[in-house]
Every structure is written in structure tokens, then in C-alpha cells.
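Following: one structure in C-alpha cells, then a few remarks.
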Amino acid sequence: MRIVPRAIVTALALSSGRSLIPNPTSFHHRRQHVAFGSGRRWDTTLMSEVVPQKDDVSLPFNAAGQKVSPNAHADAAGETHHAHHVNVVGGDGGRNSRDISNELSLGVTLDGGPVVDFASIKDTTSRAERALASAREKYEASADDGVMSIIEKSNSGGGRLMGINDDVVAEVGYEIGTFVDEFVDVASGENAHDLIQKCASYIRSKAGMGTFPQSWKGGNGGAEFFTKEETSRFDRLLARAYEESGIVTSAFAKTFYLGTQVLPEPAMKAIWAIYVWCRRTDEIVDAPRPEAEDPNNEMLTDLSVWEIRLEGLFNRGDVVDVLDLPLLDCKVKFPKLPITPFSDMIRGMLMDIPGLGQERYNTWDELHLYCYRVAGTVGLMSMPVFGCAPGYTDEMAKEPALSLGVAFQITNILRDVGEDAVKRGRVYLPQRDMDKFGVTQQQIFDQIVDENYINLMKYEIARARMYYARALRGVPMLRPESRLPVQLSCDAYGKILDKIEENQYDSLTKRAYVGKWEKLAGIPASWYRTLDLAKIVPLPEDWGKPSLDEYEKQLELILENTWKAQLR
């Protein structure tokens, strides 16, 4: 499934996988949260081409830039049947072929390449979207007093913050968020909720006009006058909330946390705030619910509440608990921070809910949508924080940012094929790719590594490296201080692919692992690659590295060789 945001990873740092510290108790784990920003260098025009429908076999390449098989017409003819099969494999897949096709048809191809932008794409007629909307309606109807009632209701439950469960508390070593009590002015009759709301008002007072579009004062969200003593207390509370966010980040993604240390302090803290939101989002879906009469229904309700809270924070500057304060402050400091990728990530969570999500992915296009939602979104979240170098824009940065998220997600999927199958009954590899290389689901569950499986791995690794190559074009587009963390993350994640190759492509019984010291030892090389000099005098290990065009040709060549072998 998803990779837990503990890797959020990503992009920022040199994390090695969906999580630097695997969590064996997590049922869902496939989401890879990527935090980075980058830009494409050459073409500054956004290519707004609608992705072709699945049964459109008239084009030589499909929406993901893959060469169409000589048997494309036969493949397309079986698409509906296979897509339906996707829904019943495993017993409880909920997305049908129409839902999938509707969403895929709305994506736009960026830079004329295989990267598809699925921002804000959702099929409101799908079962999953309707189920989320229904849960939200019921919840909002139960909150008769409006937003404040929703805030109070969603913050109930014995004081534990939403999205913080036993696993998180165990990993960190103490209950999250209780530090707020240290700052409460008990003598004045103040409680923790009052303090958090006052601090939020103070943070909003620093916002520019238009930061919160639905705020009653347009920009500052109804700022109040506070004494010097009060503002000092609020500053200390916010600093402590950021510190706690850093502690959570460090507990779940140590190497990633180390990578954030090379950023300027405002950016470093903002990435922590984003990470914690992603982490909590993931835990809402992952958390065990042994006491719930209907766990899936309760999960949907919590997810809808989480989205209501998200909208309140971005539109009005509303907060619910103390860990919302850093994200609010992040929005004030980086007003271009968009809500869209946050909302899209919630759609990624929907795709992992049993009965509503998707248990098998027929084509790469289908898996690509999932990769965008659970990984590419973090790249878009982080772009305003990382910032672009002079002469480059966020629009130019979008394609490499999404490419890196997809590259990380593919890497995690390839590393964990065996673990996903045996422990979770999940196969994320595109079914169509498996068919082309003669690999069956049963073979994966039986953990049989043969020539067919090795060829499939070679193909998927080549695809991942193509996305890394597209992503690396964006590193020079970043502000200088943001380049090293992104380069580090690319280099470290790329080594996972190397380890799979060293394991003779066995990702069924072996787990590719890059050690901490190996990652740390690579920091000087990553730093050198961020310099202009590296383009003139590359490192020895970079001399023979294929270009983006060569990576794309490798994909075509692997497929062509496979077809030729099948025709013999």
C-alpha cells in the first residue's frame, strides 16, 4: 500500500525508503511522501494535452509515454474485463473501470513527456468520492453549531490528537501535544483550547491580505491586540510545537530529518510541519480500530473531518490542536502554499480503503495516478518552501517535482514486492506489465524469481531511473540552499535500485537496503553534483550515466526484446 509519510520523505532528504524505520504494525504502508521542489530547464510551456482514454490505441505511445504493444488492439479489447477483474482480486476492491477511466482521462501531460499532472482530478460520481461526501454530510449535520462545534468534536477523545495513535506514541516515546499545558495561564481561567486559539489569532495577525480568502478581515483572520508578555508566550508555544514536529519527524525518518538540517531555519521548520500533517493523515487510515462497529465507516468519517479541518486552516486560518499551529505558521510564511496537493493526498488515502480503493493496478497509467496522490503531492506541497532560483517559476518546476515523487514511489514498490504480497496480499506492479513479461500473481505470492521476473524488474527499474533523470533536471532550478537536500534524496533513493540489481533482481525474498553510513558517505558527492562545475567536470561515477533520452530508449529496447523473444 502507501508508504508511510515517515519518509515523506522525501525529497528533502536522503531517506532510503518509504520509511527509514519500518513499522511492522502498520497495515497500510505504501505511500511515499515527497518533499521537494524543482524545475524543468528547457521548455517553459506547459503542455496541456489530455491523456488519451484507455481504449485509444491509435497513438504510438500511451499517456505515460510508453510504447504501445504490437498487441495493443487485443490488449485494449480485454481492458474492460481486466479492469473489472481488478475490482474482485483480493475480494474487496471498490474502484471500477469507469471510475478509473474518468479520472485518468482528466490528467494533463507535462513537458511533452510521460509525467502526468493529476492535480485536483477526482471523479465525483465514484463510489469512493460519494462515500467520503456522505460521511462528511452526516458529520456536518451532527455539528449543529457550525465550525466551532466541528472543531470541538474532532478534538475530543480523551485528549489524544487526531492522527496520533499508539504506534506514533510508542515510536516517539511519549504522548504527543501534551506540552501545551505548560503554557496555559491557569490563574486567569484559561484552558488549552483557549490558548491554542489565541496563539492562532496571533499567527494570523502576521498574514498578508488574501492569505486566508474566507477570513472576515481578508488577511489577518481577526487579529486581536496582545500584550508583550502574551506574544512572548505565544512565540514560545509555537517554537515548542515546531520542536515537537521535528521530534516526530526524527523518530520516523532519521535520515530525512538529518537532511532538513541543511535548510534555512524557516524552510526546515516548514518541512517538519508538512511532514507531520502527512504523517497524521496516513495514520488516520492506518490506525487499528478494534473497538469500532464499522471500522471503514469510522475511517471515512475521520478522513472527512480531517478534510474539513484542512479547508478551515487554508481558507480561514482555523486550527484545532497545537500541532496545527506550525502548519498555520507555514501558510503565513509561505502564502503560496496550495491546498490542492493536501486534498489530493486525502484522495490517495481513499484509494487504500478496503471496499472503496483499488487492490490491483491494471496499467501503469492507473498506478501513476496513485503515485501522484500519495507521493507527487508532497513535492507540490514543498515547492513554495524550497523556492525557485531567479528566472524560474513554480510552473516550470512542477514536472520535475512530480517526477521525483513518482520515482520514489516506484522505488518503494519495487523494493517491497515480496513483502507487500506475503504480508498484505497486495501486488502494486501493473498487471499489464506483468502479462507482457510472463509474470503471474501466483508466482509473486510463491516468491519465484525466474528470468521473466528478472526482465520485469529490469523494465520497472529502467522506468524509475527515467523519472529520476527527469527529476534531476530540476535541481538547478531550486534556490541554492535547497539543492543539496533534493540531490541527496535522489542519490540515496537511486541506490535502492542499485541494491535490487546487486540482489540479482530478487525483491521477492530479499529487501534492498542502503545503510546509514553509506548514505552519509555519499553527501560530498551529492554536494558536488549541485555545483555548476559538475556539469563541466562530472564525477567519475557519473561519466557513463545515461542521459534522459537514453533512459527512455532503454525502456523501449527492453520491451522490444521481450516482444521478439515471445514471437520466436
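Numbers here simply count residues along the sequence, with the first being 1.
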Nearest 0.5 Å, what's the [atom1]-[atom2] distance between [X] and [Y]?
{"X": "Met345", "Y": "Asp282", "atom1": "CE", "atom2": "CG", "answer": "8.0 Å"}
{"X": "Thr509", "Y": "Ile448", "atom1": "OG1", "atom2": "CD1", "answer": "11.5 Å"}
{"X": "Met349", "Y": "Leu300", "atom1": "CE", "atom2": "CG", "answer": "13.0 Å"}
{"X": "Ile284", "Y": "Trp306", "atom1": "CD1", "atom2": "CH2", "answer": "5.0 Å"}
{"X": "Ile100", "Y": "Tyr361", "atom1": "CD1", "atom2": "OH", "answer": "8.5 Å"}
{"X": "Leu456", "Y": "Leu429", "atom1": "CG", "atom2": "CG", "answer": "5.5 Å"}

Does the side chain of [X] come under 3.5 Å of the side chain of [Y] through a donor N or O and an acceptor N or O?
{"X": "Gln443", "Y": "Asp450", "answer": "yes"}
{"X": "Tyr372", "Y": "Asp117", "answer": "no"}
{"X": "Thr411", "Y": "Tyr468", "answer": "yes"}
{"X": "Thr377", "Y": "Asp344", "answer": "no"}

Check: [Y] main-chain N/O paired with [X] side-chain donor or acceptor under 3.5 Å:
{"X": "Trp364", "Y": "Pro430", "result": "no"}
{"X": "Thr530", "Y": "Leu484", "result": "no"}
{"X": "Arg127", "Y": "Gly355", "result": "yes"}
{"X": "Ser382", "Y": "Val378", "result": "yes"}
{"X": "Asn165", "Y": "Val168", "result": "yes"}
{"X": "Asn455", "Y": "Glu451", "result": "yes"}
{"X": "Arg483", "Y": "Leu478", "result": "yes"}
{"X": "Asn96", "Y": "Arg98", "result": "yes"}

Indicate the atoms forming the closest heavy-atom contact of [X] with [Y], along with that distance.
{"X": "Gly348", "Y": "Val374", "result": "CA-CG1, 3.9 Å"}
{"X": "Phe445", "Y": "Ala421", "result": "CE2-O, 3.3 Å"}
{"X": "Arg470", "Y": "Leu110", "result": "NH2-O, 4.4 Å"}
{"X": "Arg529", "Y": "Asp542", "result": "NE-OD2, 2.8 Å"}
{"X": "Val486", "Y": "Ser489", "result": "O-OG, 2.7 Å"}
{"X": "Glu283", "Y": "Gly163", "result": "CB-O, 3.3 Å"}

Contact check, side chains of [X] and [Y], non-hydrogen atoms, under 4.5 Å:
{"X": "Cys490", "Y": "Ser526", "answer": "no"}
{"X": "Tyr257", "Y": "Phe252", "answer": "no"}
{"X": "Asp167", "Y": "Asp286", "answer": "no"}
{"X": "Asp416", "Y": "Arg511", "answer": "yes"}
{"X": "Arg373", "Y": "Phe118", "answer": "no"}
{"X": "Ile413", "Y": "Ile410", "answer": "no"}
{"X": "Gln447", "Y": "Val422", "answer": "yes"}
{"X": "Pro485", "Y": "Ile271", "answer": "no"}

Answer yes when Glu419 and Arg424 have at least one side-chain N-carboxylate O distance shorter than 4.0 Å, and no when they do not. yes
Electrostatic pair Lys510:Glu502 at N-O distance under 4.0 angstrom: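 No, Lys510 and Glu502 are not salt-bridged.
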Using the test salt bridge (Lys or Arg N to Asp or Glu O under 4.0 Å), find all partners of Asp166 that sit at least two apart in sequence or belong to another chain.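 Scan of Asp166 (salt bridge (Lys or Arg N to Asp or Glu O under 4.0 Å), adjacent residues dropped) gives Arg160.
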Please step through side-chain contact (heavy atoms from CB on, under 4.5 Å) for the pair Gln487 and Leu472, ending with a clear verdict. CA-CA 8 Å; Gln487 184 69 53; Leu472 284 170; 3.7 Å; yes
Give the C-alpha distance, both sets of side-chain angles, the deciding distance and a yes or no for side-chain contact (heavy atoms from CB on, under 4.5 Å) between Leu404 and Tyr493. CA-CA 10 Å; Leu404 187 53; Tyr493 261 86; over 6 Å; no
With sequence neighbours excluded, what pairs up with Phe342 under the ring-ring contact (aromatic ring centres under 6.0 Å, His included) test? Trp277, Phe314
Determine, step by step, whether Glu518 and Lys499 satisfy the salt bridge (charged side-chain N to carboxylate O under 4.0 Å, His left out) criterion, reporting the C-alpha distance in whole Å, the side-chain angles of both residues, the deciding distance to 0.1 Å, and the verdict. CA-CA 12 Å; Glu518 185 175 357; Lys499 296 296 182 181; 3.2 Å; yes
With sequence neighbours left out, write down each residue that passes side-chain contact (heavy atoms from CB on, under 4.5 Å) with Val449, or none if nothing qualifies. Tyr453, Ile454, Asp506, Leu508
Mind checking side-chain contact (heavy atoms from CB on, under 4.5 Å) for Asp123 and listing every partner two or more places apart, or none if nothing turns up?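 With neighbours one apart ignored, the set is Asp99, Asn102, Glu103, Thr125, Ser126.
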Are Gln358 and Tyr370 close enough, and set up right, to give a side-chain contact (heavy atoms from CB on, under 4.5 Å), and what steps lead you there? CA-CA 9 Å; Gln358 191 167 343; Tyr370 180 76; over 6 Å; no
According to side-chain hydrogen bond (donor to acceptor under 3.5 Å, both in side chains), who are the partners of Asp302, at least two apart in sequence or on a separate chain? Arg289
Among all residues two or more places apart in sequence or in another chain, which pass the side-chain hydrogen bond (donor to acceptor under 3.5 Å, both in side chains) test with Arg347?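 Applying side-chain hydrogen bond (donor to acceptor under 3.5 Å, both in side chains) to Arg347 gives Glu129, Glu307.
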Criterion salt bridge (Lys or Arg N to Asp or Glu O under 4.0 Å) against Glu501, the qualifying member of Arg415, Arg465, Lys495: Arg465
Can you check side-chain contact (heavy atoms from CB on, under 4.5 Å) on Leu263 and Phe386, steps first, answer last? CA-CA 9 Å; Leu263 289 169; Phe386 284 101; 4.1 Å; yes
